[in-house]
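Just so we're on the same page: letters track the sequence lines, and every chain starts at 1.
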Amino acid sequence: MELNELEKIRVEKINAMRAAGIEPYPTRSEVNTTIQQAIEAFSQFENSHPDESLSDHFILGGRIRSIRTMGKLAFAHIEDGSGRIQLMLRLNELGQDNLDQFKNWFDIGDFIQAEGSLTRSRTGEVTLLVSAFKMLAKAISPLPAAKDEEVDGQIIRHATFSDPETRFRQRYADLAINEDVREIFRKRTAVVRSLQRFMDSHGFLEVETPILQPIYGGAAAQPFTTHHNQLKQELFLRISFELYLKRLLVGGLDRVYEIGRDFRNEGVSFKHNPEFTQLEFYWAYADYLKVMELTEQMVSTAAQDVLHTQKVQFKGQEIDLTPPWKRVELRQGILDACGIDIDQHPEADTLFKAMAEKGLTPNPEATRGKLIDALIGDFLEPNFIQPTFLYDYPRDISPLAKKKPENPAVVERFEGFIGGMELCNSFTELNDPLDQEKRFQEMGRAYSDNDDEQHPMDEDYLQAMSYGMPPNGGFGMGIDRLVMLLTNKTSIREVILFPHLREREEE
RNA sequence: GGGCGCGUAGCUCAAUGGUAGAGCAGUGGCCUUUUAAGCCAUUGGUUAAGGGUUCGAGCCCCUUCGCGCUCACCA
């Protein structure tokens, strides 16, 4: 560990403490109260005993966030997971030696415990008048300087720790300093809990399926590959949960869901991280229309639970999540947005020409479905700010979805968009094993010139379906993007504790 | 992967091609009710790394690394 000058000074303080017989990293602490509990206890006490101090045997612990010393008096704030409280250290209570020790050896960032009586300082702040204190863990690296001022409940930040690279590489420091960052992740957990409660209360069973898979599937994405040494077996990190969850429907678990990590070996962007969290559920005897209704309920309930409102601020716009959400039929939506009627172009080549005439430059190799997908991305997705279901997708980009009875070129599928982002994807699941086999074969042909995106045939999945799979509606949603929406963050890295960053070159 | 931008003290940022600076943090001093504490003094730099042009480079050029934005990719 290379020490800079500030850190060397801290190490000298550690040595001085040990020389004085004080252990800067004691094995045990005597902390018995959280800061929040202490403040609440004092508030109650005050009601019946105005202008008195409360000298219960409170021992508080926390990290020093600020120090203000004067000649014979020092103030500090300590912070634990529950809140922040001011300490007052006076010569009268502590004596010269103890006060000097605090001034000489204690720094911002150190963890300490302190006991004493609770009172109000002259400015009216609840304060622990310290009678004894102890170092719990000396910090060597100084926390980046950040100062918050609270004015009428508004936090004004005077110095900051804001460089995104350093914040993400040293997320621990980011969290330690920036309370609003901690709040993002408290909300993230609250969102997940809300989704779990919602699914549980609708009779869904939360399950866990393999992350290491011999055959990947359920999405069109490049997988990460790995290897089992003893079994000499190539394995893939899952790109979706879909095929395993639907096997469970075959097994008689009618309503299942999983919240977990997917891994996709693709580009990184403000809305893509190589590993991301997904909620998928499969619902026997339902179809995509029922899933739409459940989706509206689920997302608006999450907003209500976490933010206590269904109107959220995102990128300077108010988004109203209250059901029902707008529904746009894919063909009509594209027709309205750019005048191209995809039904007039059953093959890729004429659709390509129609797009070229509109001045677009689509990929000439793209299938019809991929061209339509490009139209969605260009004309529809960015404009779906308010929650919108786009439904009825072309068959060839949806190999696991069921055809519409009245139009076999179209499948019963929808995607949900909010804030100009795709949030979720759902379909009435294909449960015809012979049709499913055909679709796998078609996908194999469509991508045969591109090994990376080839969709492998999953024989065992077909075997499962051959035993009979109930009709069902399936659903997948990016939790990271939902958290972005509910915390008004425009980068996925802000809502992932340890987002993927390139490895730094060591010299 | 392409384009544009950025990288300077622990943090946030300055610095026409001409002695690398400020605020905060730190250190020393004064101060017994402060809270962005204040006042005085002071330490701290391989200017991301490497190379080049130049009498002289943080600044101009090249290469590399990282980050951001954007495009491409992403059922």
Nearest-angstrom distance from the residue atom [atom1] of [X] to [atom2] of [N]:
| X | N | atom1 | atom2 | result |
| --- | --- | --- | --- | --- |
| A:E7 | B:rU27 | CD | P | 14 Å |
| A:K489 | B:rC69 | NZ | P | 13 Å |
| A:I64 | B:rA25 | CD1 | C1' | 15 Å |
| A:I67 | B:rC24 | CD1 | P | 17 Å |
| A:I492 | B:rG68 | CD1 | P | 13 Å |
| A:L371 | B:rC74 | CG | P | 11 Å |
| A:K370 | B:rA75 | NZ | P | 5 Å |
| A:L430 | B:rA75 | CG | C1' | 15 Å |

Does the ring center of A:F58 lie less than 6.0 Å from the ring center of A:F42?
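Between A:F42 and A:F58, which both carry aromatic rings, the centre distance is not below 6.0 Å.
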Would you classify [X] as touching base, sugar-phosphate or nothing, given that sugar-phosphate means primed atoms plus P, OP1 and OP2, and contacts are heavy atoms under 4.0 Å?
| X | answer |
| --- | --- |
| A:R264 | nothing |
| A:S269 | nothing |
| A:R167 | nothing |
| A:D163 | sugar-phosphate |
| A:S398 | nothing |
| A:I9 | sugar-phosphate |
| A:K271 | nothing |
| A:E415 | sugar-phosphate |

Rounding to an integer number of angstrom, what distance separates [N] and [M] when you compare their [atom1] atoms?
| N | M | atom1 | result |
| --- | --- | --- | --- |
| B:rG56 | B:rC65 | C1' | 28 Å |
| B:rC13 | B:rG52 | P | 33 Å |
| B:rG29 | B:rU19 | C1' | 30 Å |
| B:rC11 | B:rA25 | P | 15 Å |
| B:rC40 | B:rG58 | P | 33 Å |
| B:rC6 | B:rA48 | C1' | 11 Å |
| B:rU8 | B:rA57 | C1' | 14 Å |
| B:rA14 | B:rG7 | P | 8 Å |

Heavy atoms from C-beta onward define the side chain here; which of [options] lies closest to that of [X]?
| X | options | answer |
| --- | --- | --- |
| A:E165 | B:rG66, B:rA75, B:rG10 | B:rG66 |
| A:R122 | B:rA75, B:rC13, B:rU33 | B:rU33 |
| A:I108 | B:rA25, B:rC31, B:rA75 | B:rA25 |
| A:L501 | B:rC67, B:rC31, B:rA75 | B:rC67 |
| A:I397 | B:rC31, B:rA75, B:rG68 | B:rA75 |
| A:R169 | B:rC74, B:rU33, B:rG66 | B:rG66 |
| A:D107 | B:rU43, B:rU34, B:rG26 | B:rG26 |

Does any part of the side chain of [Y], heavy atoms only, come nearer than 4.5 Å to the side chain of [X], both counted from C-beta?
| X | Y | result |
| --- | --- | --- |
| A:M477 | A:V299 | yes |
| A:Q101 | A:I22 | yes |
| A:L501 | A:R493 | yes |

On the 0 to 90° scale, with breaks at 30° and 60°, tag the A:F45-A:H49 ring pair as parallel, tilted or perpendicular.
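Correct class here is parallel.
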Does any nucleotide pair with [N] by Watson-Crick or G-U wobble geometry, both distances under 3.5 Å, and what is it?
| N | result |
| --- | --- |
| B:rG26 | B:rU42 |
| B:rC4 | B:rG68 |
| B:rU32 | none |
| B:rU47 | none |
| B:rG56 | none |

Using the closest heavy atom to pick a nucleotide of RNA chain B for each, name whichever of A:N104 or A:R90 lands nearer the 5' end.
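Per heavy-atom nearest nucleotide, the more 5' residue is A:N104.
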Earlier contact from the 5' end, RNA chain B, for A:M88 and A:E422
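Nearest-nucleotide comparison on RNA chain B picks A:M88.
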Taking only side-chain N and O atoms of [X], does any of them lie within less than 4.0 angstrom of OP1 or OP2 on [N]?
| X | N | answer |
| --- | --- | --- |
| A:R68 | B:rA36 | no |
| A:R493 | B:rG68 | yes |
| A:K72 | B:rU33 | no |
| A:K13 | B:rU27 | yes |

Please answer whether the main-chain N or O of A:P394 pairs with a side-chain N or O of A:S398 as donor and acceptor at a distance below 3.5 Å.
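Confirmed, A:S398 side chain pairs with A:P394 backbone.
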Of all the heavy-atom pairs spanning A:V495 and A:M484, show the shortest one and how long it is.
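So the two residues come closest at CG2-CG, 3.9 Å.
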Side chain A:Q86 and base B:rU34 donor-acceptor under 3.5 Å
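Answer is yes: a donor-acceptor pair is held.
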For the side chain of A:S162 and the base of B:rU12, is some donor closer than 3.5 Å to an acceptor across the two?
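No.
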Atom CD of A:E280 and atom CZ of A:F475: how far apart are they, to the nearest 0.5 Å?
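If I round to the nearest 0.5 Å, the distance is 9.5 Å.
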Working for side chain to side chain contact (heavy atoms under 4.5 Å, CB included), residues A:M292 and A:T295:
CA-CA 5 Å; A:M292 273 189 216; A:T295 303; 5.6 Å; no
